[in-house]
Amino acid sequence: MRALLLTTLLLTCGVFVAPSSTHARQESTEAARAAGSPEDVVRGFYAFYLGELNKDNWSPLKKRSEALKYLTPDYHRRAPALIEKWMADIFICAQDWDVKWAETFTVGRATVRNSKATVVVRLPPFGGGDDNTAIKIKVSLVQRRGQWRINATDCVN
């Protein structure tokens with residue numbers, strides 16, 4: 001009788017505990033996936049980068065630990081030379097920026113193929129001009145060790 005009661009009690013507890021722990025595990029997996037999505041990495045980078053420009057920090061990439069949350073080490077290393085070569089900021093496809101961009105940039109949906117993804121960032125026209133003059137940047141990402149990092153940017157205009 002005691003064994004039957006103990007078995008019933010354990011099974012009852014297992015029924016009530018298992019679904020909640022499974023549900024919590026699903027939620028944490030979904031949250032981790034969403035937090036590390038290509039779109040979130042690009043959104044985080046542009047919030048950081050444009051925010052630094054708005055603080056008159058002309059070299060946001062010198063904040064290495066912050067930049068490497070979003071960029072591959074190789075792209076972080078090559079970026080200054082690319083900026084100099086193109087005589088424009090490779091992350092905003094311009095020589096100057098609009099302070100409003102930090103609040104108004106948009107990030108499109110990612111196109112993901114295996115461990116590579118692309119996302120288009122849109123920077124509104126300077127001073128609210130014609131929408132045809134918006135700046136579009138194709139951001140390429142790679143996934144390494146389960147984390148997405150930016151490894152290239154291309155001006156789309």
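Contact check for L50 versus F105: side-chain heavy atoms found under the 4.5 Å cut-off. Residues L141 and V119 have side chains in contact (heavy-atom distance under 4.5 Å, counting atoms from C-beta outward). No side-chain heavy atom of S140 sits less than 4.5 Å from a side-chain heavy atom of T153. Counting heavy atoms from C-beta outward, I137 and L123 have side chains that approach closer than 4.5 Å. Using a 4.5 Å heavy-atom cutoff, the side chains of D96 and D89 are not in contact. Residues V142 and S115 have side chains not in contact (no heavy-atom distance under 4.5 Å, counting atoms from C-beta outward). Counting heavy atoms from C-beta outward, R144 and T72 have side chains that approach closer than 4.5 Å. Taking 4.5 Å as the limit, some side-chain heavy atom of I135 sits within range of a side-chain heavy atom of W101.
A continuous path of hydrophobic side-chain contacts links V139 to F48 [ILVMFWY only; heavy atoms under 4.5 Å]. By the rule that hydrophobic residues join a cluster once side-chain heavy atoms approach within less than 4.5 Å of another member, W86 and L71 end up as members of one cluster.
Between the side chain of R122 and the main chain of G108, no donor-acceptor pair closer than 3.5 Å is present. A donor-acceptor distance shorter than 3.5 angstrom exists from the side chain of E39 to the backbone of A110, with no hydrogens or angles considered.
Residue K138 comes nearest to V156 through the heavy atom pair N-CG2, 3.4 Å, listed as atom of the first residue, atom of the second, then distance. Counting all heavy atoms, side chain and backbone alike, A102 lies closest to G51 at CB-N, 4.5 Å. The two residues T133 and P125 come nearest to each other via the heavy atoms OG1-CB, 3.2 Å.
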Practice prompt. Might you work through the side chain to side chain contact (heavy atoms under 4.5 Å, CB included) test for Y70 and V42, ending with a clear yes or no?
Written response: CA-CA 7 Å; Y70 310 106; V42 171; over 6 Å; no
Fill in: side-chain hydrogen bond (donor to acceptor under 3.5 Å, both in side chains) between N54 and W97, intermediate numbers included
CA-CA 9 Å; N54 283 351; W97 79 98; 2.7 Å; yes
Discussion item. Under the criterion side chain to side chain contact (heavy atoms under 4.5 Å, CB included), I'd like the reasoning laid out for Y46 against V121: C-alpha separation, chi angles, the key distance, then a yes or no.
Written reply: CA-CA 9 Å; Y46 276 86; V121 173; 3.8 Å; yes
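Each of I150, L61, N151 was scored for a side chain to side chain contact (heavy atoms under 4.5 Å, CB included) with H76, with one residue passing: L61.
For F45 and W148, the ring centers sit 6.0 Å or farther from each other.
Atom CE of residue M87 and atom CG of residue L82 lie 14.0 Å apart, to the nearest 0.5 angstrom. Atoms NZ and NZ, on K69 and K63 in that order, are 10.5 Å from each other to the nearest 0.5 Å. With rounding to the nearest 0.5 angstrom, the OG1 atom of T111 is 7.0 Å from the CZ atom of R113. The OG atom of S59 sits 10.5 Å away from atom CD of E52, with the distance rounded to the nearest 0.5 Å. To the nearest 0.5 Å, the span separating CZ on R78 from NZ on K85 amounts to 10.0 Å. If you take CD on E103 and CG on D98, they are separated by 10.0 Å, rounding to the nearest 0.5 Å.
In this structure Y75 satisfies the ring pair (Phe, Tyr, Trp, His ring centres under 6.0 Å) test together with F91, sequence neighbours excluded.
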